[in-house]
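Take a look at the structure set out below.
Since we're looking at a predicted model, the values are computed, not measured. For the numbers below, each heavy atom of this structure counts, side chains included, while hydrogens, waters and symmetry mates do not.
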Amino acid sequence: MGCWILSECLSILLVLSWLGVNLYLFIDTFCWYEEEESFHYTRVILGSALAWARASALCLNFNCMLILLPISRNLISFIRGTSICCRGPWRRQLDKNLQFHKLVAYGIAVNAAIHIVAHFFNLERYRWSQSEEAEGLQAVLSKLGNTPNESYLNPIRTFPTNATTELLRTIAGITGLVISLALILIMTSSTEFIRHVSYELFWYMHHVFIVFFLSLVIHGTSQIVRGQTPESLLLHNVTFCREHYAEWYTEAQCPVPQFSGKEPSAWKWVVGPVVLYACERIIRFWRFQQEVVITKVVSHPSGVLELHMKKRGFKMAPGQYILVQCPAISSLEWHPFTLTSAPQEDFFSVHIRAAGDWTTALLKAFGAERQTPEEPSSLPRLAVDGPFGAALTDVFHYPVSVCIAAGIGVTPFAALLKSIWYKCCESQTQLKLSKVYFYWICRDATAFEWFADLLLLLETRMSEQGKTHFLSYHIFLTGWDENQAVHIALHWDASTDVITGLKQKTFYGRPHWNNEFKQIAYNHPSSSIGVFFCGPKALSKTLRRMCRLYSSADPRGVHFYYNKESF
């Protein structure tokens with residue numbers, strides 16, 4: 001349990017570090033703008049809204065610096081391959097890159113909201129300071145800049161006016177609206193519902209980030225937030241002169257204060273990550289140019305398309321995924337698919353099921369609906385980027401591994417089970433992995449007939465090699481109709497399962513995870529057990545809890561290490 005706790009503590013520590021840096025930057029910047037002498041006269045007009053706006057702006061820049069790093073797939077793969085991160089709890093943090101990406105996005109949204117609200121207050125106070133009701137020092141400061149050799153403090157120069165007019169009159173206002181609109185589009189299209197209903201909408205809306213970053217860099221160039229210049233501070237003593245504002249034009253000790261805008265700094269925060277991400281896209285473009293040879297197309301009865309491909313220099317590990325583009329369908333969209341072939345095979349493959357506009361168009365383009373397969377030479381061109389690392393690549397690092405798939409989440413395990421076969425039955429190398437438990441929970445097994453065929457092939461081969469003990473698989477069917485139930489009952493005594501054709505009978509209903517984990521812990525009392533899952537969030541939470549519950553507090557006892565597949 002110690003290493004599991006270390007991994008969880010490390011995750012919490014990283015989140016707390018991110019939160020701590022945000023709080024430090026916010027509080028430090030807030031206090032600086034509340035106390036800095038050069039912004040004393042600015043605070044006379046704006047009050048504390050100035051500090052709120054500037055503190056949230058700095059946190060916004062900080063999070064915009066981080067947001068691109070977790071989705072730089074080649075960078076993550078490079079870090080994963082280094083000696084520091086190739087083992088232990090640090091590597092598991094890399095598998096949470098998308099979670100961190102979402103966390104940073106929430107940070108951007110919160111700070112953007114604070115920044116917008118604060119500037120609405122600032123805009124209204126600037127506007128009111130130009131009105132006839134304004135008096136005293138506030139009115140004097142707002143009228144600066146009306147005569148030669150004076151610099152202004154209040155960017156609103158006339159009254160009456162309205163906030164909307166002033167907002168659309170400045171670069172800061174226009175870019176602020178563009179940034180807000182881009183952020184709303186990106187975040188609303190990133191919801192789980194939108195991604196499932198229309199992945200294409202999510203894909204296109206997410207690329208509005210280009211407009212977001214361009215507007216962010218331009219946003220501060222109008223220098224609306226102004227403070228007293230260093231030269232003016234030397235001549236104009238704020239402590240004394242703020243009480244004698246009526247004598248500024250006559251008293252030598254209090255010359256008229258001069259103001260200048262704050263230099264924009266957003267570009268300094270984002271230039272590094274943007275360059276890294278640009279390199280990422282250059283690598284993708286270079287890979288786009290490389291030829292991908294389609295060697296085989298298999299159209300499964302269950303509406304799943306299997307593609308076998310070859311590409312020069314392509315090397316993979318079990319559990320990795322690739323990004324696929326079909327220029328004939330879309331010249332911009334790249335879609336992730338888990339590799340279903342083993343590294344030992346002389347090709348790499350993916351299984352694609354229609355789950356949206358793009359995948360439906362791909363299946364149609366590759367003749368999935370036709371009886372006779374298309375000739376490879378007549379098929380549309382495909383581009384492939386990757387492969388990229390994922391949590392499943394760590395399966396062979398444990399003496400015992402528990403692989404759990406739900407529905408379409410079974411796809412990543414195809415390559416893994418094939419690789420297990422090659423390493424267990426055909427390789428002479430000694431494996432650390434000695435036992436694999438495989439669980440598959442599906443509503444309709446016929447939707448994944450190709451995977452049942454793979455399990456049947458593995459079962460037959462391992463039986464021939466006398467290694468049936470190595471792989472223990474459990475299939476749970478959660479949906480069936482009355483006709484199926486009758487058919488199952490009639491053939492219950494058959495030597496093979498009526499649904500899958502396997503010797504191992506299918507279970508009906510959902511697994512009792514307490515019983516399953518208790519039995520595994522009993523079978524392997526002093527082992528490190530890796531648990532690998534691909535499926536819905538609700539089940540993920542249950543499995544994480546099971547790993548924590550059945551891990552021993554004794555370092556010599558059984559320990560479960562949870563890994564969730566995500567891309």
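- R548 forms no cation-pi arrangement with F517, by the criterion of a distance under 6.0 Å to the ring centre and an angle within 45° of the ring axis.
- Between F347 and H308, the ring planes lie parallel to each other; the angle is under 30°, not in the 30° to 60° tilted range.
- With hydrogens and angles left out, the side-chain atoms of S189 and H206 include no donor and acceptor closer than 3.5 Å.
- The closest donor-acceptor contact from the side chain of T338 to the backbone of T411 lies at 3.5 Å or more, if one exists at all.
- Ring pair H335/W358 is parallel by interplanar angle, where below 30° counts as parallel and above 60° as perpendicular.
- With contacts defined as side-chain heavy-atom distances shorter than 4.5 Å, the pair Y106/M187 qualifies.
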Verdict with supporting geometry, Y277 and F213, ring-ring contact (aromatic ring centres under 6.0 Å, His included): CA-CA 12 Å; Y277 192 76; F213 274 95; 8.8 Å; no
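- Judged by distance alone, the side chain of N111 and the main-chain N or O of G107 form a donor-acceptor pair under 3.5 Å.
- With hydrogens and angles disregarded, no donor-acceptor distance shorter than 3.5 Å links the side chain of K564 to the backbone of S540.
- Using cut-offs of 30° and 60° for the angle between ring planes, the F314 and F348 rings count as parallel.
- For the 3.5 Å distance criterion, the side chains of H351 and S349 fail to qualify, holding no donor opposite an acceptor.
- Closest of all the heavy-atom pairs between L69 and P273 is CD2-CB, 4.3 Å.
- Considering W32, W52, F62, Y33 as possible partners of F26, the one that fulfils the ring-ring contact (aromatic ring centres under 6.0 Å, His included) test is W52.
- Shown here are the side-chain hydrogen bond (donor to acceptor under 3.5 Å, both in side chains) partners of T29, two or more places apart in sequence or in another chain: there are none.
- Looking at L339 and V350, their side chains come closer than 4.5 Å, going by heavy atoms from C-beta outward.
- A donor atom on one side chain and an acceptor atom on the other are not found under 3.5 Å apart for S527 and Y398.
- A pairwise comparison of heavy atoms in R287 and G386 identifies NH1-N, 3.5 Å as the closest pair.
- Of all heavy-atom pairs between C64 and I67, the closest is O-CG2, 3.3 Å.
- Between W513 and the options Y550, Y439, F533, a ring-ring contact (aromatic ring centres under 6.0 Å, His included) holds for only Y439.
- The side-chain heavy atoms of F366 and L382, taken from C-beta on, include a pair separated by under 4.5 Å.
- For Y437 and H524, the side-chain atoms include at least one donor-acceptor pair closer than 3.5 Å.
- Under the salt bridge (Lys or Arg N to Asp or Glu O under 4.0 Å) criterion, the residue pairs touching residues 184-202 are E192-K537, with sequence neighbours excluded.
- Contact of the N97 side chain with the R73 side chain is not registered, since no non-hydrogen atoms from C-beta on lie closer than 4.5 Å.
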